[in-house]
Number of protein chains: 2
Amino acid sequence: MLNEKTVSHSVECGDCPIRHRAVCARCETDELERLEEIKYYRSFEAGQTVIWSGDRMDFVGSVVSGIATLTQTMEDGRTQMVGLLLPSDFVGRPGREGSAYDVVATTDLVMCCFRKKPFETMMERTPHIAHRLLEMTLDELDAAREWMLVLGRKTAREKIASLLTIIARRDASLNLQTPKGVMVFDLPLTREAMADYLGLTLETVSRQISALKRDGVIALQGKRHVTVPDFARLLEEAGDDSDGGMLA
Amino acid sequence: MLNEKTVSHSVECGDCPIRHRAVCARCETDELERLEEIKYYRSFEAGQTVIWSGDRMDFVGSVVSGIATLTQTMEDGRTQMVGLLLPSDFVGRPGREGSAYDVVATTDLVMCCFRKKPFETMMERTPHIAHRLLEMTLDELDAAREWMLVLGRKTAREKIASLLTIIARRDASLNLQTPKGVMVFDLPLTREAMADYLGLTLETVSRQISALKRDGVIALQGKRHVTVPDFARLLEEAGDDSDGGMLA
DNA sequence: TCGCGCACTTGATCTGGGTCAAAGAATTCT
DNA sequence: AGAATTCTTTGACCCAGATCAAGTGCGCGA
């Protein structure tokens, strides 16, 4: 079975700025070469739609840079974001014809893609890719279930705080360490996108962010740049006891 | 790649009343025998806890009969159900130490289990088991995301209707055909469990069920036995356009 | 430089669903 | 059978967050 240790010695995949977790963990040379053969890049501008719900999806891939969202829409226009794709996240599912969700770039976005058919073929020949994909899908499932708790049971203030902790954590794993408990990052989402993720209206999002600012839980420089003076305090506001091992 | 057709010719696994989808699809004789060696059954009474969140979980398995739930709890006692385990559903995750959720039997429950280590070993030797597991996990992920839309954006009435369609569908796949559009089933959950699943209170669940009854969308015999005279109407109430291919 | 548009904030009011409280049904125990 | 317990319904009231409606402020193109 793969575990943390075996995954971490992954080989970087070609010229990607990040090793994409799906395919390069425990790469061996010949596999890496086979992947290189079917790999290609796609770039999107902020606001551009990567794929519409229901459309045929003939590729899988991972986010190299930028942020994309997965959203579901009801006939009457109500929308719910069901996934936030940050760098290194995987998109698309082997064995499925079409996309079940709208995938939209919320910032400029670069993806590293593989045509689905050859990728599936490779997956059959290379068991550890299937294992890695299973592991990633289980992680996504956990994240989705954690979010169900947020959507079903948390207050608006807790929802905002929960979203901020997620973004802060993901950012922290990419950036420099900051002084103990202090975190600084940019919001990659508009207030409306945050509302779609949280099952709220954009007005409520705005009000709650103002309230967190007023109460000193966060500070804002401009509208998007956030400083969290005390991450533990934010976690408390999120109603979240586990700190996910982020703090020393 | 596995598809619907190859999965459906599965061999029944020993004396299980159902073929468990995880391991028996495309069974070949020697694999089936290896599985038989590590297989065992566990029974639980209604209300009994299968495993507590955080506990070490040294098995995986599938539900043979009865119903179990996956729940998350916050420190202050708020709970959110994040999964409903019906017969043939798989529990547990290869490569993980402990359970992330409370697993509770809501009815009398029989599970078909495999000790985790030998199951993992087998999975490494038998690629199609890993593929099948990946497929099932992707299905669960889709279900979780569908539920995020329900939790985030639907009204109480729509939430109840959505839950009823899910139970009705699962029931229909196990039971006899009923006249066109008519469906009959028993609610396997208390009002409180339904509330936990839907992110509501039990009072609201009760009120909305009464309202659906008053409006002729459903009929009740006793408190748990439900008749749906027109399934399409129920789908409409759920705010769900897709009928999932259930109706001819 | 002006003004237009977009993202955001803030206020006033309304309402769906939560909360608190009190009774019914059903089931099990004695 | 009667009592106790558990599940469910229903009512009265309240509040968090939605809705409706003005603004504010910043960036950008003409």
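Values reported hereafter were calculated over all heavy atoms of this structure, with side chains retained and with hydrogens, waters and symmetry mates removed. Worth saying up front: this structure is predicted, and the values here are computed from it rather than measured. Below, chain A is the first sequence line, B the second, and so on; all start at residue 1.
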Inset, instruction - Answer yes when B/R96 and A/D139 have at least one side-chain N-carboxylate O distance shorter than 4.0 Å, and no when they do not. - result: yes
Inset, instruction - Applying side-chain contact (heavy atoms from CB on, under 4.5 Å), run through B/Y197 and B/L151 and close with a yes or a no. - result: CA-CA 9 Å; B/Y197 202 16; B/L151 289 173; over 6 Å; no
Inset, instruction - Go through the structure and list residues passing side-chain contact (heavy atoms from CB on, under 4.5 Å) with B/A238, not counting sequence neighbours. - result: B/A161, B/S162, B/T165, B/D240
Inset, instruction - For B/R42, check salt bridge (Lys or Arg N to Asp or Glu O under 4.0 Å) against everything at least two apart and list the hits. - result: none
Inset, instruction - List the protein contact pattern of nucleotides 3-10 of chain D with one symbol per nucleotide (5' to 3'): B for base contact, S for sugar-phosphate-only contact, - for none; contact means a heavy-atom distance under 4.0 Å. - result: -----SBB
Legend entry - Contacts of B/S53 that satisfy side-chain contact (heavy atoms from CB on, under 4.5 Å) - sequence neighbours left out: B/D102
Legend entry - Nearest-angstrom distance from the residue atom CD of B/E45 to P of C/dT28: 13 Å
Inset, instruction - Among residues two or more places apart or on two chains, list those pairs meeting salt bridge (Lys or Arg N to Asp or Glu O under 4.0 Å) that have a residue in residues 149-168 of chain A. - result: A/R153-B/D196, A/R157-A/D215, A/R157-A/E237, A/E158-B/R78
Inset, instruction - Please give the angle, rounded to 10 degrees, between the axes at the start and the end of the helix from C/dT1-D/dA30 to C/dT30-D/dA1, where five pairs define each axis. - result: 30°
Inset, instruction - Whole angstrom is fine here: how far is it from CD in B/Q208 over to P in C/dG17? - result: 6 Å
Inset, instruction - Verify the neighbour count for atom CD of B/E45: are there more than 12 heavy atoms of other residues, nucleotides or ligands below 6.0 Å? - result: no
Legend entry - Contacting residues from residues 76-86 of chain A, given that a heavy atom lies under 4.0 angstrom of DNA chain D: none
Inset, instruction - Could you tell me which residues satisfy side chain to side chain donor-acceptor pair (under 3.5 Å) with B/Q221, sequence neighbours excluded, listed by chain and number? - result: B/T227
Legend entry - Residues which pass side-chain contact (heavy atoms from CB on, under 4.5 Å) with A/D55, listed by chain and number, not counting sequence neighbours: A/I51, A/W52
Legend entry - Contact residues, residues 149-163 of chain A to DNA chain C [heavy atom, < 4.0 Å]: none
Inset, instruction - May I have the step-by-step check of side-chain contact (heavy atoms from CB on, under 4.5 Å) for A/D142 and B/Y101, ending in yes or no? - result: CA-CA 10 Å; A/D142 277 342; B/Y101 315 103; 3.0 Å; yes
Legend entry - Residues in side-chain contact (heavy atoms from CB on, under 4.5 Å) contact with B/R207, at least two apart in sequence or another chain: B/E203
Inset, instruction - Take the protein atom CD of A/Q221 and the nucleotide atom P of C/dC8, then report the distance between them rounded to whole Å. - result: 16 Å
Inset, instruction - Evaluate whether atom CZ of B/R115 has more than 12 neighbouring non-hydrogen atoms of other residues, nucleotides or ligands under 6.0 angstrom away. - result: no
Inset, instruction - Please collect all salt bridge (Lys or Arg N to Asp or Glu O under 4.0 Å) contacts where either partner lies in residues 56-66 of chain A, sequence neighbours excluded, each pair once. - result: A/R56-A/E97
Inset, instruction - Look at all strands and tell whether B/G199 reaches a base, only sugar-phosphate, or nothing, counting heavy atoms closer than 4.0 Å. - result: sugar-phosphate
